[in-house]
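Beneath this line is the structure, given in C-alpha cells, with notes to follow.
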Amino acid sequence: MADQGKTFSFVIVGGGIAGVTCVEQLSSQIPSAEVALITAGPQIKAVTNYKQVSKTLEEFDVEEKPSSVLEEKFPNLTVIHSAVKSLHTQSHANGRVFGYEKLCICSGARPKLLTRDNPYVLGIRDTDSAQEFQKRLANAKRIVVVGNGGIALELVFEVEGCEVIWAVKDKAIGNTFFDPGAAQFLIPSLEASKPERPAPCKRTRYTTEEPAPGGSQTFTADKSAQVDGSGPTGVGSALGPDWHEGIVLRGAEQVSRRVSLEYQCEVEKIFTSEELLNSPQQTLRPENEGSWPVYIQLTNGKTFGCDFVVSATGVMPNTEPFLHGNKFALADDGGLQVDDHMMTSEPDVYAAGDVCTAGWERSQLWQQMRLWTQARQMGWYAGRCMAAQVLSEPIELDFCFELFTHITKFFNYKVVLLGKFNGQGLGPDQELLLRCTKGQEYVKVVLSGGRMVGAVLIGDTDLEETFENLILNQMDLTRYGEELLNPNIDIEDYFD
Ligand SMILES: Cc1cc2nc3c(=O)[nH]c(=O)nc-3n(C[C@H](O)[C@H](O)[C@H](O)COP(=O)(O)OP(=O)(O)OC[C@H]3O[C@@H](n4cnc5c(N)ncnc54)[C@H](O)[C@@H]3O)c2cc1C
Ligand SMILES: NC(=O)C1=CN([C@@H]2O[C@H](COP(=O)(O)OP(=O)(O)OC[C@H]3O[C@@H](n4cnc5c(N)ncnc54)[C@H](OP(=O)(O)O)[C@@H]3O)[C@@H](O)[C@H]2O)C=CC1
C-alpha cells in the first residue's frame, strides 16, 4: 500500500461532504502540509455550484467524483480508499502505520433501522442502498414506509407504480421539519397526481462504479488510523439533495402515486407469511387480501402485507471503530462530542459532520440537525480550526452556527427553515403568525417576547432574507403585530 507507515500532518477519515470540505480547507490554507484522506467509499462527495443565498443561508449541489479530482487539485493530498479498522490516539508503539499529527473523523452516520436482521427491512443511506431499494421496488406492489422525517417525506412523494402505506408516530406528517399546519398544507400534494418530472439532470450525480482496487494489507497503528482495504459495505457517503432525480422509483403496478397514511402508530412486529399462517386468527389479521412475503403489525392494531418495509427512522453516528481502546466522550445521541473548535475529548482528534454532536454552548437560534449544509459547515470550520492550531492563530466559533438555516424541497415546494422553526425549546413563551394560500405558500413565523426567533417558509415566498435579518437583529416587532405577514405590504421595504 502506497505511503504505508507514513505520518501525515493531517489525516481526515471519510470522503463525504464533511471530510472532503475539511480536506479542501486544510489544503488551501496550508498548501505545504501533507494531508491524507482515508475513505471507505470508492468515490468522494464534492460540493458544486455553491451559492451563499444570504448571510447564513446557502445552497449547493453535491456530486460524486473520483478522488483523483481532489488529488490533482491538491498535490500534497494522498487519498487512501480503505476502511479505518482501529484508531490509537494514545499509544506510541512501533508498527507500520498511517500516523497523524492531527486527525479529523468525518465518518458520517448509518441508518438506525427498525431491525438489522430482516432482509425485508431496508434503509436508504448511500448509492448502494438506494439502488437496492430501486431494484426491489421494480417488482413491488405494496411497500410500507416507517418514519416521519426527511427520507419518508421524499419517498412517499417520489414512488410511483406501487401502493405505499406510510406509518408515522405522530398526528401529522413530517414531524422533524414541520408543524401540523404545514403538514396540512402539504397533504393535498400527496393526493394529486405526480407532476411531470423535470428534464433529467445533465450531470450524473450518483454513479455505481465498482470501487477502485485498494490495498488489502492490514497493519497495526499508533496515534494512527489502522486501515484495511476491504471497503466494507454500508459505509458509503450519504445521499443528499435530489438523490432521487437520477433514478426511477417505480413499482410493478400501473398506478400513479397511491399513499395511505397510518397516523400515531409504531411497529409492533414484522413477520413472514409462515408466521402469519401459524398465528391464531385473532392476533394477526391483515387489512388487505393477498399473499405477501412479509407482514407488518402496527401498534394501532392493523397488520399489512407488503413486499418490503422501508425503515426511514433516522440515523446513528458512525463511531465504530474509533471508540475501541480510546476515551471519546459521547453525546446522548451517540455522536462524538466536539467543543467549539470541533475537537473531541481525545488529543489532536477533531470530528465533523453527521458523526459528531455539537457540545459547545449553542446559540439560542441554532440547533444541530444531521444535514448536508451542517456537514459542509462543520467540515470547513474543522479544517480552519486544525490549521489555526498548527499556525498558532486564534479562531472563534464561526458565524454560520449563529442561526439554523436549511433550504430544501418537499413535495415539489421550496422549503426554508430558519432558527427555532418549530418553536424548539421555547415552551409556552411563543406566539405564532401564519399566512397560508392553499397550493401556493405557507408562512409561519415564531415570535418570542415580541422578537422573531424562527420561521417556516413553504413555496416561493421570497421572505427568507428579510426574516433572516429580523431573526439575527432581534428587533422588537411587537408594534407590527400581524402586519408582519400582510401580503399587501412589501416587507422588504418596510424594514429598509
Ligand atoms: C436519502 C438521503 C437524503 C438526504 N437528503 C438531504 C437533503 O436533501 N438535504 C440535506 O441537507 N441533507 C440531506 N441528507 C443528509 C446528508 O446527506 C448528510 O447529513 C450528510 O451527507 C453527512 O455528511 P458526512 O460527510 O458527515 O457523512 P457521509 O456523507 O455519510 O460520509 C461519511 C464518509 O465516511 C466514510 N467512512 C465511514 N466509516 C469509515 C471508516 N471506518 N473508514 C474510512 N471511511 C469511513 C464513508 O465511506 C463516507 O465516505 C440526506 C441523507 C440521506 C440518506
Ligand atoms: N431534504 C432534506 O433535508 C432531507 C434530509 N435528510 C436527512 O437524512 C437523515 C436520515 O433521514 P431520516 O431517516 O428520514 O431521519 P429523520 O431524523 O429525518 O427522521 C426519522 C423519523 O423516524 C421517526 N422514528 C424514529 N424511530 C422510529 C421508530 N422506531 N418507529 C417509527 N418512527 C421512528 C422519527 O421520529 P422522532 O423524531 O419522534 O424520533 C422521525 O420522524 C436525517 O439526518 C435527515 O435530516 C433526509 C432526506 C431529506
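Order of listing sets the numbers, starting from 1, for every ligand and every atom in it.
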Present, as a list of atom pairs with distances to 0.1 Å, all nitrogen or oxygen contacts under 3.5 Å between ligand 2 and the protein.
{"residue": "ligand 2", "atom": "1 (N)", "partner": "Thr408", "partner atom": "OG1", "Å": "2.7"}
{"residue": "ligand 2", "atom": "3 (O)", "partner": "His406", "partner atom": "NE2", "Å": "2.7"}
{"residue": "ligand 2", "atom": "13 (O)", "partner": "Gly314", "partner atom": "N", "Å": "2.9"}
{"residue": "ligand 2", "atom": "14 (O)", "partner": "Gly150", "partner atom": "N", "Å": "3.2"}
{"residue": "ligand 2", "atom": "14 (O)", "partner": "Ile151", "partner atom": "N", "Å": "2.9"}
{"residue": "ligand 2", "atom": "15 (O)", "partner": "Gly314", "partner atom": "N", "Å": "3.4"}
{"residue": "ligand 2", "atom": "18 (O)", "partner": "Gly150", "partner atom": "N", "Å": "3.1"}
{"residue": "ligand 2", "atom": "22 (O)", "partner": "Ala312", "partner atom": "O", "Å": "3.4"}
{"residue": "ligand 2", "atom": "37 (O)", "partner": "Asn175", "partner atom": "ND2", "Å": "3.3"}
{"residue": "ligand 2", "atom": "38 (O)", "partner": "Lys169", "partner atom": "NZ", "Å": "3.3"}
{"residue": "ligand 2", "atom": "38 (O)", "partner": "Asn175", "partner atom": "ND2", "Å": "3.4"}
{"residue": "ligand 2", "atom": "39 (O)", "partner": "Lys169", "partner atom": "NZ", "Å": "3.4"}
{"residue": "ligand 2", "atom": "41 (O)", "partner": "Asn148", "partner atom": "N", "Å": "3.2"}
{"residue": "ligand 2", "atom": "41 (O)", "partner": "Asn175", "partner atom": "OD1", "Å": "2.6"}
{"residue": "ligand 2", "atom": "43 (O)", "partner": "Arg370", "partner atom": "O", "Å": "2.7"}

Find all atoms of ligand 1 within a distance of less than 4.0 Å from any non-hydrogen atom belonging to [X], and give their numbers and elements.
X: Gly41; answer: 47 (O)
X: Cys106; answer: 32 (C), 33 (C), 34 (O)
X: Thr39; answer: 35 (C), 43 (C), 44 (N), 47 (O), 49 (O)
X: Leu371; answer: 10 (C), 11 (O), 12 (N), 19 (O)
X: His406; answer: 9 (N), 10 (C), 11 (O)
X: Gly353; answer: 26 (O)
X: Ala238; answer: 17 (O), 21 (O), 28 (P), 29 (O), 30 (O)
X: Arg370; answer: 15 (C), 19 (O)

Discussion item. Tell me every residue that passes ring-ring contact (aromatic ring centres under 6.0 Å, His included) with Phe308, counting only those two or more places apart in sequence or in another chain.
Written reply: Phe133

So, regarding [X] and ligand 1 (criterion: nitrogen or oxygen to nitrogen or oxygen, under 3.5 Å), is there a contact or not?
X: Asn318; value: no
X: Gly15; value: yes
X: Gly19; value: no
X: Ile151; value: no

For [Y], does its backbone N or O pair with a side-chain atom of [X] as donor and acceptor, under 3.5 Å?
X: Thr39; Y: Gly14; answer: no
X: Trp166; Y: Gly147; answer: yes
X: Glu468; Y: Thr56; answer: yes

Worksheet entry | For atom 52 (C) of ligand 1, the option (of Thr408, Val84, Leu239) bearing the nearest heavy atom | Leu239

Could you tell me whether [X] approaches ligand 1 through its side chain, its backbone, both or neither, with non-hydrogen atoms closer than 4.0 Å?
X: Ala375; result: side chain
X: Pro111; result: neither
X: Lys45; result: neither
X: Val13; result: side chain

Worksheet, complete the sentence: With sequence neighbours left out, the residues meeting salt bridge (charged side-chain N to carboxylate O under 4.0 Å, His left out) with Lys51 are Glu59

Worksheet item: How would you list, by chain and number, every residue that makes a salt bridge (charged side-chain N to carboxylate O under 4.0 Å, His left out) with Asp398, sequence neighbours excluded?
Response: Arg384

Discussion item. Side chain to side chain contact (heavy atoms under 4.5 Å, CB included) for Met369 and His406? Distances and angles first, verdict last.
Written reply: CA-CA 10 Å; Met369 279 182 80; His406 185 44; over 6 Å; no

Fill in: Donor on one side chain, acceptor on other, Thr127 and Glu64, under 3.5 Å
yes

Discussion item. We want to know whether Asp126 and Ser129 form a side-chain donor-acceptor pair, criterion being a heavy-atom distance below 3.5 angstrom.
Written reply: yes

Worksheet item: Can we call the ring centroids of Tyr100 and Phe8 under 6.0 Å apart?
Response: no

Worksheet item: Hey, do the aromatic rings of Tyr381 and Phe401 have their centres closer than 6.0 Å?
Response: yes

Is there a heavy atom in [X] that sits closer than 4.0 Å to ligand 1?
X: Pro321; result: yes
X: Ala83; result: yes
X: Ala130; result: no
X: Lys409; result: no

Item to complete: Test side-chain hydrogen bond (donor to acceptor under 3.5 Å, both in side chains) on Glu63 and Thr48 and set out the steps.
Response: CA-CA 7 Å; Glu63 286 180 57; Thr48 58; 3.2 Å; yes

Worksheet entry | Trp366: which of Trp360, Phe399, Phe421 passes ring pair (Phe, Tyr, Trp, His ring centres under 6.0 Å) | Trp360

Worksheet item: From Leu417 CG over to Lys444 NZ, what is the distance, rounded to the nearest 0.5 angstrom?
Response: 9.0 Å

Item to complete: Show your reasoning for whether side chain to side chain contact (heavy atoms under 4.5 Å, CB included) applies to Ile165 and Glu262.
Response: CA-CA 7 Å; Ile165 314 277; Glu262 294 296 330; 4.0 Å; yes

Practice prompt. Look at atom CD of Gln430 and say whether more than 12 heavy atoms of other residues, nucleotides or ligands are closer to it than 6.0 Å.
Written response: yes

